[in-house]
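Worksheet for the structure shown next.
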Number of protein chains: 2
Amino acid sequence: MRPTIVDVAKRAGVCTVTASRVLNNHPNVREESRRKVLKAAEELGYIPHSAARSLRSGKTTAIGVVLPTLDDPFMAGVLAGVEEEAWQHGYFTIISQTRGAAYANEAEYVRFLTRGRVDGLILVTPRHEEEYILELERQRVPFVLADKNSSRPGVLSVTVDNFHGAYLATKHLLEMGHRAIGHLVGRPEIESSLQRLRGYQRALEEYGVEYRADLVKNGWFSREVARESVLAWLEGGNLPTAILACDDNVAFEVIAILTRHGLRVPDDVAVAGFDDDKMDTVFSPTLTSVNQRSMEVGREAVRLLLKAISREIGEERSIVIKPELMVRESTTRNRRGRSPYGQGPGLADP
Amino acid sequence: MRPTIVDVAKRAGVCTVTASRVLNNHPNVREESRRKVLKAAEELGYIPHSAARSLRSGKTTAIGVVLPTLDDPFMAGVLAGVEEEAWQHGYFTIISQTRGAAYANEAEYVRFLTRGRVDGLILVTPRHEEEYILELERQRVPFVLADKNSSRPGVLSVTVDNFHGAYLATKHLLEMGHRAIGHLVGRPEIESSLQRLRGYQRALEEYGVEYRADLVKNGWFSREVARESVLAWLEGGNLPTAILACDDNVAFEVIAILTRHGLRVPDDVAVAGFDDDKMDTVFSPTLTSVNQRSMEVGREAVRLLLKAISREIGEERSIVIKPELMVRESTTRNRRGRSPYGQGPGLADP
DNA sequence: ATGAAAGCGCTAACAG
DNA sequence: CTGTTAGCGCTTTCAT
């Protein structure tokens with residue numbers, strides 16, 4: 001049988017409470033006792049039982065993150081920030097991915113983690129809010145929403161200023177002289193996608209450029225969908241001179257399609273994306289993109305959550321991260337000419 | 001205070017045992033009792049306390065995955081497979097990333113999860129094995145190593161046949177007529193990288209091509225390191241006619257450097273990578289790559305782990321996943337000519 | 001089909 | 001500085 005704290009205490013010749021104190025770095029323990037307990041624990045290969053500890057103490061020293069997928073640069077960034085910040089504060093991070101709507105297991109994961117497994121939760125872009133946000137509130141489980149403004153007031157959240165991101169990118173395109181600027185929208189049911197659309201519209205307004213519905217099409221964070229949209233523009237003869245994609249993956253696809261149709265980026269059409277993916281600087285033209293500072297989102301979410309856990313929440317219930325625009329070749333005319341070595345590899349046919 | 005099972009039982013007018021039975025779908029409960037308990041639980045917003053449940057039952061219905069990073073297509077694939085398979089068997093998946101050697105928190109995460117949080121562990125490419133594998137064995141914690149053959153016999157593991165993957169790729173390059181084939185090695189301290197090196201060597205042997213030490217350089221899964229290696233070849237005048245990179249990220253970098261130096265891929269130098277990254281088919285030339293079937297790795301790891309948890313381990317203690325070679329343009333001479341629309345975007349200067 | 005009693009492993013509160 | 005007592009919330013006997 002695996003050793004318990006009783007075995008450790010027995011072996012060290014002290015009572016379990018003393019052993020517990022040593023194992024938890026409490027003060028007021030004689031040096032000799034401390035030594036003996038640690039030695040006994042070491043010899044027995046003792047590992048404390050988390051469940052027992054949590055049950056008694058009411059603490060888990062863990063925070064949970066629930067998100068739809070891990071195969072995404074934004075998510076990876078958030079998680080890196082969460083892990084780093086949590087670790088610094090002595091917390092472990094437990095991640096669960098719900099893998100999309102197919103399973104609809106999001107609520108189950110939240111419930112699973114909620115009681116006794118973590119001290120608080122970070123929900124990244126939750127889909128079926130309604131189902132369990134209320135429950136979390138009722139249970140008084142500390143939680144923070146990341147990358148989504150909750151409709152419920154008072155809910156803690158860290159969001160990227162998507163409006164501002166799209167605004168910056170669109171403004172940049174306007175300043176480069178573009179007037180027919182297309183936008184491939186992520187998903188109409190996702191709040192952040194709508195905010196980007198508004199940021200795009202605002203920039204147009206500011207420059208006195210009329211909003212054209214035919215220049216706004218579906219992007220859906222999907223290459224296939226984006227392809228259809230671009231093809232529709234091409235066939236309709238109303239191809240914009242600049243395109244703001246919903247993410248870099250889609251932006252790459254857009255560049256590929258345009259290139260295949262004999263158009264050059266950025267000379268004929270400028271293209272910008274979202275995410276500042278690490279691939280952005282590998283290929284030519286390098287991709288102009290909105291950096292959402294995802295690690296910062298993760299870090300702030302943890303800071304907010306830890307405050308909620310220790311019931312020190314102040315005024316600040318909603319943190320907004322300002323994205324940055326990374327201007328690169330895909331939107332910059334008169335780029336430093338072609339490579340002196342001739343044409344490099346282009347983009348692939350599908 | 002959050003409701004406990006006692007509250008639920010009281011409200012339903014039964015004892016806690018009956019409530020527990022209902023909540024755990026035990027048979028032998030009158031339909032009326034069942035109804036009453038479920039109603040009470042619903043009304044109170046009851047969520048069972050995981051820690052208490054685990055402490056008593058000795059089960060968690062959760063499996064843990066510990067891995068160094070999430071920002072990697074192989075890891076994302078493994079995790080997708082794990083989550084899918086585990087969910088099908090009624091298990092939750094808890095993931096922890098240790099974020100590299102910087103923290104050296106790998107062992108701490110393993111210990112943290114080990115007792116009372118999960119029923120078993122999947123360790124993906126563990127770095128500091130020695131530190132805790134022994135401990136896990138001693139504690140009789142079921143665990144499976146993924147993507148790494150343990151030095152200890154009897155340890156459960158799922159590995160990609162890296163030897164075979166590199167062998168397939170090298171053989172393909174040989175069949176395309178190449179004789180000076182370079183290899184950028186991942187990391188000499190990682191077993192899988194060494195296995196790939198051996199697979200590469202074996203293929204050369206089979207084709208009677210002599211192994212040249214000068215054609216094997218550092219890749220380190222790092223763009224910077226790969227760049228140095230390629231530059232060394234260029235300056236040394238011993239550039240191979242084909243290069244097998246340690247992963248797709250490095251392969252992209254290689255293509256970028258070669259292109260910048262006026263060389264064309266695959267016409268002057270063929271390039272292949274590992275991972276079958278989703279970017280492989282976006283850019284031209286599309287990238288030939290070894291698909292490691294990472295999802296399958298994850299699925300098999302779960303199957304093995306669940307057997308270990310239920311103590312039904314049979315003969316099969318070590319599963320080997322056969323990778324597949326995805327042949328694409330970057331290694332295929334006489335590719336279907338240039339795009340009829342002229343040169344597409346090339347690869348970027350750094 | 002239901003309940004009473006016991007205790008999983010640990011630590012907070014108190015007493016010494 | 002150390003120990004005794006109690007009990008976190010739940011499920012597993014074992015009895016009825």
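Residue numbers begin at 1 in each chain, while the letters A, B, ... track the order of the sequences.
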**Prompt:** Do A/N162 side-chain atoms and A/V160 backbone N/O form a donor-acceptor pair below 3.5 Å?
**Reply:**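 Answer holds: yes.
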
**Request:** Output yes when a side-chain donor or acceptor of A/T159 lies under 3.5 Å from a complementary backbone atom of A/D161, and no otherwise.
**Result:**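 It does not hold such a pair.
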
**Item:** Contact check, side chains of A/I63 and A/L121, non-hydrogen atoms, under 4.5 Å
**Value:**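 A/I63 does not reach A/L121 side chain to side chain.
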
Distance check needed: [N] [atom2] versus [X] [atom1], whole Å only.
X     : N      : atom1 : atom2 : answer
A/R56 : D/dC10 : CZ    : C1'   : 15 Å
B/D7  : D/dC8  : CG    : P     : 12 Å
B/R53 : D/dC8  : CZ    : P     : 18 Å
A/H49 : D/dG9  : NE2   : C1'   : 14 Å

**Message:** For A/R115 and B/S50, which I'm curious about, is there any donor-acceptor pair between the side chains at under 3.5 Å?
**Reply:**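 Their side chains do not contain a donor-acceptor pair, so the 3.5 Å distance test is not met.
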
**Item:** Nucleotide of C/dC10, D/dT11, C/dA12 approaching A/S57 most closely (side-chain heavy atoms)
**Value:**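 So the side chain of A/S57 is nearest to C/dA12.
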
**Message:** Strictly below 4.0 Å, N to O, side chains only: are A/R303 and A/E300 in salt-bridge contact?
**Reply:**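 Looking at A/R303 and A/E300, the cut-off is met.
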
**Rounded (10°) bend between the five-pair end axes of the helix from C/dA1-D/dT16 to C/dG16-D/dC1** =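 Rounded to the nearest 10 degrees, the bend comes out at 30°.
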
**Asked** Which sits closer to the 5' end of DNA chain D, A/L55 or B/N24, going by the nucleotide each is nearest to?
**Response**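 This one resolves to A/L55.
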
**Item:** Of residues 26-42 of chain A, the positions that come close to DNA chain D - non-hydrogen atoms, cut-off under 4.0 Å
**Value:**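 Heavy-atom contacts with DNA chain D come from A/N28, A/V29, A/R30, A/S33.
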
**Message:** Just to be sure I understand the geometry, which residues of residues 9-22 of chain A put a non-hydrogen atom under 4.0 Å away from DNA chain D?
**Reply:**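 Contacts with DNA chain D under 4.0 Å: A/V14, A/C15, A/V17, A/T18, A/R21.
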
**Request:** Kindly assign one of parallel, tilted or perpendicular to the pair B/F92 and B/W87, based on the angle between their ring planes and the thresholds 30° and 60°.
**Result:**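 Correct class here is perpendicular.
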
